[in-house]
Amino acid sequence: MSTDGNPLGTFLRDRRSRLDPAVFGFSGRRRTPGLRREEVAQRANISPTWYTWLEQGRGGAPSSDVLNRIANGLMLTEPEREHLFMLGLGRPPEVRYRAVEGISPRLQRLLDTFEVSPALVRTAAWDIVAWNRAATIVMTDYGKLAPEDRNVLRMLFCNPNVRNVQHDWETVARFVVGAFRADAARAGATSEIAELVEELCLASPEFKAIWQENEVIAHGEGTKRLRHPVLGDIELEYSGFAIDGRPDLNMVVYNPIDPDVVERIRRLVREKNGRP
């Protein structure tokens, strides 16, 4: 943090000093490293005078639009952009939904450490984008499905096999729709899910009726019961985890309650892996 009473200006000066002018097509001799103020203003499409005032702690609070322009101009990371908003406005920026193109290898390795606990990562639109071996055995073998068919709502409302393994389908369906609505709003994806919602309303009168009830449900943790074709009736505790820096993603880990089920899942996982 700055000690000069202008932490926003200090942060802006520090970040522009780290950028290489040549990368952005700027030339000329410089007394100090990084971009000049007028070059940042040009990249952010704002007045050089206004940008100078921000660095000097003058001119009042900037708008969120100005801060977003500056963040883009300085090529800030998402955490840096959030910090910029906290310094300039005293609040984080509005969330911006990003389409997911898979997860990091590190996160996949984390999922794989749960040998007997099904674990998966889903988007704000409830598309499953990553899973572990236990999930393919206990939940669904997502790898055998086309990407568009890995959506939880499509499976729950349009796939009879998924519907039949639920102990209380209607309760599960209401819960999923309410949690889905909450996730989409939290991630700023309300407009992005419109096409999916329209599709499901046409495909399933039950989804349409539940959606029109406008329920919003939190889903941090709970219990799930399934009629598994091999394991029989099983009960799983689940916990949801936010992925830092990715409001569009959520990780869910399911933990079998019965020790006997735990051992049976372990045996099935090892058999699938070709291990005794």
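Nothing fancy with the numbering, it's 1 onward along the sequence. Only this structure's heavy atoms are used, side chains among them; waters, hydrogens and symmetry mates stay out.
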Asks: Between atom CZ of R109 and atom CD1 of I103, what is the distance when rounded to the nearest 0.5 Å?
Replies: 10.0 Å
Asks: Find out if a path of hydrophobic residues (ILVMFWY) with successive side-chain heavy-atom gaps under 4.5 Å connects V23 to L76.
Replies: yes
Asks: First locate atom CD1 of I265, then atom CZ of R270, and finally report the distance between them rounded to the nearest 0.5 Å.
Replies: 13.0 Å
Asks: Can a donor-acceptor pair be found, under 3.5 Å and without considering hydrogens, that links the side chain of N164 to the backbone of P160?
Replies: yes
Asks: Mark yes or no for whether N72, through its side chain, and N68, through its backbone, hold a donor-acceptor pair below 3.5 Å.
Replies: yes
Asks: Within the distance-only criterion (no hydrogens, no angle test), does the side chain of R91 pair as donor or acceptor with the backbone N or O of M86 below 3.5 angstrom?
Replies: no
Asks: I would like to know whether L120 and N132 meet side chain to side chain contact (heavy atoms under 4.5 Å, CB included); could you show each step before the answer?
Replies: CA-CA 7 Å; L120 51 85; N132 64 0; over 6 Å; no
Asks: Evaluate the side chain to side chain contact (heavy atoms under 4.5 Å, CB included) criterion for residues N255 and L236: first the C-alpha distance (whole Å), next the side-chain angles of each, then the deciding distance (0.1 Å), finally the verdict.
Replies: CA-CA 5 Å; N255 188 43; L236 308 164; over 6 Å; no
Asks: Is there a donor-acceptor pair under 3.5 Å between the side chain of D127 and the backbone N or O of R150?
Replies: no
Asks: Can you find a pair of side-chain heavy atoms, one from L12 and one from Y51, that are under 4.5 Å apart?
Replies: yes
Asks: I want to check something: taking the side chain as every heavy atom from C-beta on, are D258 and I234 in contact at a cut-off of under 4.5 Å?
Replies: no
Asks: If you measure from the Lys or Arg side-chain nitrogens to the Asp or Glu carboxylate oxygens, is any gap between K224 and E235 under 4.0 Å?
Replies: no
Asks: Does atom CD of E170 have more than 12 heavy-atom neighbours from other groups under 6.0 Å away?
Replies: no
Asks: Begin with the C-alpha distance, continue with both residues' side-chain angles, and end with the deciding distance and a verdict on side chain to side chain contact (heavy atoms under 4.5 Å, CB included) for S239 and V253.
Replies: CA-CA 6 Å; S239 296; V253 180; 5.6 Å; no
Asks: Does a side-chain N-to-carboxylate-O contact under 4.0 Å join E206 and R174?
Replies: no
Asks: Do Q56 and W53 make a side-chain contact, defined as non-hydrogen atoms from C-beta onward lying under 4.5 Å apart?
Replies: yes
Asks: Taking atom CD as the centre, does E38 end up with more than 12 heavy-atom neighbours from other residues, nucleotides or ligands that are less than 6.0 angstrom away?
Replies: yes
Asks: Judged by atom type as modelled, is there a donor-acceptor pair below 3.5 Å linking the side chain of T140 to the main-chain atoms of Y142?
Replies: no
Asks: Below 4.5 Å, heavy atoms only, C-beta onward: do D20 and P33 meet side chain to side chain?
Replies: no
Asks: For E148, look at atom CD and say whether over 12 heavy atoms of other residues, nucleotides or ligands are found less than 6.0 Å away.
Replies: yes
Asks: For E263 and P259, indicate whether the former's side chain and the latter's backbone hold a donor-acceptor pair under 3.5 Å.
Replies: no
Asks: Please find the pair of heavy atoms, one from L84 and one from L67, that lie closest to each other, and give the distance.
Replies: CD2-O, 3.5 Å
Asks: Kindly check if the number of other-residue, nucleotide or ligand heavy atoms within 6.0 Å of CZ (R225) is above 12?
Replies: no
Asks: Apply the salt bridge (Lys or Arg N to Asp or Glu O under 4.0 Å) test between E115 and each candidate in R266, R267, R133; give the one that qualifies.
Replies: R266
Asks: With a 4.5 Å cut-off on side-chain heavy-atom distances among I, L, V, M, F, W and Y, is there a chain of contacts connecting I257 to L231?
Replies: no
Asks: Ignoring hydrogens and angles, tell me if any N or O in the side chain of R81 forms a donor-acceptor pair with the backbone of A71 under 3.5 Å.
Replies: no
Asks: Working note: V197 + F180, criterion side chain to side chain contact (heavy atoms under 4.5 Å, CB included); need CA distance, chi angles, decisive distance, verdict.
Replies: CA-CA 11 Å; V197 170; F180 164 74; 4.1 Å; yes
Asks: Find out whether R43 and R69 are in side-chain contact, i.e. whether some heavy atom of one side chain is under 4.5 Å from a heavy atom of the other.
Replies: no
Asks: Taking only residues two or more places apart in sequence, or in another chain, which ones meet F11 in a ring pair (Phe, Tyr, Trp, His ring centres under 6.0 Å)?
Replies: H83
Asks: Whether the N151 and R122 side chains hold a donor-acceptor pair (N or O, under 3.5 Å, no angle test) is what I'd like checked.
Replies: no
Asks: Is there a path of hydrophobic side-chain contacts, each under 4.5 Å between heavy atoms of I/L/V/M/F/W/Y residues, joining F207 to V216?
Replies: no
Asks: Indicate yes or no for a side-chain donor-acceptor contact from R16 to the backbone of L74 under 3.5 Å, with no hydrogens or angles considered.
Replies: no
Asks: Quick one, L89 and S64 - any side-chain contact, counting heavy atoms below 4.5 Å?
Replies: yes
Asks: Should we count NZ of K208 as having more than 12 external heavy atoms under 6.0 Å?
Replies: no
Asks: Angle between ring planes, F157 versus W169, binned at 30° and 60°: parallel, tilted or perpendicular?
Replies: perpendicular
Asks: Are I243 and N250 packed together at the side-chain level, in the sense that at least one heavy-atom pair is separated by less than 4.5 angstrom?
Replies: no
Asks: Looking only at heavy atoms, which two atoms of L200 and C158 are closest? And how far apart?
Replies: CD2-SG, 4.1 Å
Asks: I'd like to know if the side chain of D183 reaches the main chain of W126, judged simply by a donor and an acceptor atom lying under 3.5 Å from each other, with no hydrogens or angles considered.
Replies: no
Asks: Check for a donor-acceptor pair, side chain of T52 on one end and backbone N or O of P48 on the other, with a separation under 3.5 Å.
Replies: yes
Asks: Parallel, tilted or perpendicular for F24 and F26, by the 30°/60° rule?
Replies: tilted
Asks: Is there side-chain contact between R264 and V230, with heavy atoms separated by less than 4.5 Å?
Replies: no
Asks: Inspect the contact between R181 and E215 and indicate whether a charged nitrogen and a carboxylate oxygen are less than 4.0 angstrom apart.
Replies: no
